[in-house]
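Note that the structure is a prediction, hence the values are computed from the model and not measured. Quick note on labels: first sequence line is chain A, next is B, and so on, each numbered from 1.
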Amino acid sequence: MSENARLPAGYYLINFETMLREASARYEDLLRPEESQLVDQFLALPLNARRLYVRMLMRKGPWFREDGLSYAEIEDLPKSSEILCHQGFCETEASLTDMVALLKRDEIAEGLERCGIEFPKALRREALLQLWVERTSADALTADLRLRYHFLRPLHEELWELVSFMFFGNSDQDLSDFVLADIGRIHYENYAVDTSARLFQTRHDIDFLRSMRSIREQFEEAKLAGNAESMGLLTDQVLAMEPHPGIRQQRRYHRLLNDVGREWERMEDFGRASRCYALSQLPPARERLARITQDPSRACAMAIQMAAAPLDPSEERFARVFLKRQGKREPEAARWTQSHPEAPPAPILRFALPRQDSVEMAVLEAARELGWAGFFAENLLWNALFGLVFWEELFAPVPGAFVHTFQNAPMDIATPDFFTRREIAIRARLAMIEDHAYLVRRVLETANAKWGVASAFLSWRHLDRAMLQAAVEHVPSPVMASILGTMAVNPRAFSSGFPDLFLYKPGSREWALWEVKGPGDALRPEQERWLRQFRRLGCSVALARVAWVVER
DNA sequence: ACTATCGCTCAAACA
DNA sequence: TTTAAAATGG
DNA sequence: TGTTTGAGCGATCCATTTTAAA
Ligand SMILES: [Mn+2]
Ligand SMILES: [Mn+2]
């Protein structure tokens, strides 16, 4: 579809009802009777009432003033508003707080004048409002505002959130995705949608995820209010939860445990923090647990265990640094450090450069003076190569992988299933790119054919064809196969930490990867991880350390 | 997966 | 009147 | 002095309208 395509009148209602229809068809049995009934009742409302209702749902709200709602395609808005209220889809009795929140600064000033209250002209909205509330009785103010304006608020918003969650499979996308696709802002791949697959088998699958979100919000609220008691109750609730077998549910749960634990750690309640971390199987739970453990020899034992089977590069890094530090006092730690010597991940190149906005661009310029050509590549380049080489595998019609038309990756992209369910195809593709001519063709042709099509691995806006071409021509096939093969096992986890600069010598096979570090910056564990892998593969890698010099 | 993430910067603690 | 942030809507 | 650690920041579709604050 082309940019600036005209949308049909009431497009938002069409989209809303499409979402409603598809979600309730797929998950009919997961809706409660009263929810299904509300859906039917909504669909039976007159067109203008449905339009007005959805217009409000799309806006921030939750309260509106009827005089602030005006749409060319909705005739007789007051009548629609009345129908909505009468049918139980809207309420009108706003609290004083909700009402005054909808008053503009000048309207508050007018109100003060009406009440004969003197005020300095330059007072800000907040101050004016405070003055009005202080000098008027709440009852009088409420009565005055009710008389002067009609307030309106759509009800049952939670139901539509549930429906949207069912439709998209997440709470991050919403109806604006329909619009972005229709006007051509985003082009989604034309994959086959699986109409029978279900992301959720039971209502509990959904409610568990929704409760994770709700508890997180409540905890955050209690934290901001400084309400330690409420935080404690929520924590007990989280700790007592029955584990859910779903992979996604577990990840959300462990994530919540980590964040809650971290907050107790900040508040120096290490007992509560430990209980949270002990239940979590997601980094950095083990690291936090080792850090707050009082007994140093137990902490070292934990670190040694972590080093033996790290869940991610941060665990590996932590264990090494921690054991090295404990080595003075703990003989076990000293023994481990001695038997696990580490080579530096990359040779260091030192630069003294005049200060610039971007330290990476400064080094890129310095490299150009040394005869290099190159790009600020970082994750962008390698993710793009991954997304292009495996384009067909990523969008392959694996059962359940695609459940609606607004996806930039299969649903299982962040799970171990992604690799296992496509292993044969992925291995076949890796074998094919061992042929360097095929690799070059594959990447450049796919880029041309798919330029602009939404993929989680491609930032077309920032991608540079010249960079792709240079990379694909200089990186040897076995290196490419090793890197992309590693990424394929867990594309999300391995999508970051790539070196800043991709460099090459024009007209030669020579190429290099440099990670740039300004003063005070240090290698992050994932960055070290990739540097070591590239180095193991025989690539030229370097750590470019920059010191700023005063230019004179 | 934009109450999420990644990478940079800064400052304090640490060795 | 100007500027910037927030909200809106295609 | 250099390194480690934790916290904080920016940047996301984008053109136009509304609102607040000078
Ligand atoms: Mn970087
Ligand atoms: Mn860097």
Side-chain angles (χ1 to χ4, degrees), chain A residues 3-12 15 54-56 58-61 68-73 102-109 121-128 165 168-186 209 212-214 216-221 223-224 248 251-252 255-256 259 262 265-266 284 287-288 291 314 317-318 320-322 324-325 327-328 357-360 376 378-380 383 406-409 411 413-414 454 456 459 461-462 492-493 495-500 515-527 545-547:
Chain A
E3 193 105 18
N4 302 325
R6 270 285 290 256
L7 297 178
Y11 67 91
Y12 48 90
N15 297 340
V54 175
R55 277 289 192 193
M56 285 191 283
M58 307 279 286
R59 288 175 56 170
K60 191 166 174 266
L69 297 167
S70 159
Y71 297 99
E73 80 283 5
L102 291 182
L103 298 179
K104 288 162 211 160
R105 188 205 169 275
D106 291 353
E107 290 170 338
I108 299 171
K121 278 253 154 67
L123 233 45
R124 296 163 40 146
R125 185 187 179 282
E126 277 319 294
L128 287 177
F165 191 64
F168 288 108
N170 62 61
S171 45
D172 308 304
Q173 288 180 283
D174 57 38
L175 288 174
S176 64
D177 280 85
F178 282 82
V179 178
L180 294 177
D182 284 344
I183 65 174
R185 179 70 58 190
I186 301 178
L209 289 172
M212 290 295 101
R213 169 170 282 255
S214 138
R216 177 180 289 277
E217 277 165 9
Q218 290 174 56
F219 190 82
E220 195 64 25
E221 210 170 292
K223 185 180 97 186
L224 288 175
R248 197 171 161 198
R251 182 168 306 149
R252 292 326 282 189
R255 190 78 195 260
L256 179 62
D259 291 349
R262 198 64 223 267
E265 211 184 323
R266 288 194 189 98
E287 172 184 339
R288 300 316 314 169
R291 281 188 194 277
S314 78
R317 162 74 69 89
F318 162 75
R320 185 172 290 281
V321 170
F322 186 79
K324 190 174 175 191
R325 180 173 300 171
K328 286 188 201 113
D357 280 353
S358 151
V359 67
E360 292 87 0
F376 183 8
E378 220 177 49
N379 306 325
L380 178 80
N383 283 312
F406 309 102
Q407 290 179 229
N408 60 16
M411 281 293 169
I413 189 67
S459 314
R461 176 198 296 261
H462 306 285
R492 192 55 63 74
S495 69
S496 64
F498 287 98
D500 291 314
E515 171 56 40
V516 178
K517 288 296 163 198
D521 194 7
L523 265 191
R524 264 160 285 285
E526 325 80 59
Q527 296 176 331
R545 289 201 175 279
V546 177

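Between A:Q527 and B:dC8, a side-chain N or O to OP1/OP2 separation shorter than 4.0 Å is present. For the OP1/OP2 pair of D:dG6 and a distance below 4.0 Å, the side-chain nitrogens and oxygens of A:R262 include at least one atom meeting the criterion. Side-chain N/O atoms of A:R248 include none lying less than 4.0 angstrom from OP1 or OP2 on B:dA1. Between A:R55 and the phosphate of C:dT8, there is no side-chain N or O to OP1/OP2 separation shorter than 4.0 Å. Taking side-chain N and O atoms only, A:R320 has no distance below 4.0 Å to OP1 or OP2 of D:dT3. A close approach under 4.0 Å does occur between a side-chain nitrogen or oxygen of A:K517 and OP1 or OP2 of B:dC8. Considering only side-chain N and O atoms, A:R524 lies nowhere under 4.0 angstrom from the phosphate OP1 or OP2 of D:dT4. OP1 or OP2 of B:dG7 lies within a sub-4.0 Å distance of a side-chain N or O belonging to A:N379.
Atom CZ of A:R124 is separated from atom C1' of D:dA22 by 11 Å (rounded to the nearest Å). With rounding to whole Å, A:R291 atom CZ is found 8 Å from D:dT4 atom C1'. Separating the CG atom of A:L523 from the C1' atom of B:dC6 is a distance of 15 Å, rounded to the nearest angstrom.
Here the side chain of A:R105 pairs no donor or acceptor atom with the backbone of A:E126 at under 3.5 angstrom.
Between A:F406 and A:F178, the ring center distance clears the sub-6.0 Å criterion.
For D:dT19, the glycosidic angle deviates from 0 by more than 90°, giving an anti base.
Remark on DNA chain D: of its neighbouring residues A:R461 and A:R317, the 5'-side contact belongs to A:R317, judged by nearest-heavy-atom nucleotide. Comparing A:Y12 and A:K60 against DNA chain C, the residue whose closest nucleotide sits nearer the 5' end is A:K60.
For A:K223 and A:Q218, the side-chain atoms include no donor-acceptor pair closer than 3.5 Å.
A salt bridge between A:R55 and A:E73 is present, with a side-chain N of the basic residue lying under 4.0 Å from a carboxylate O of the acidic one.
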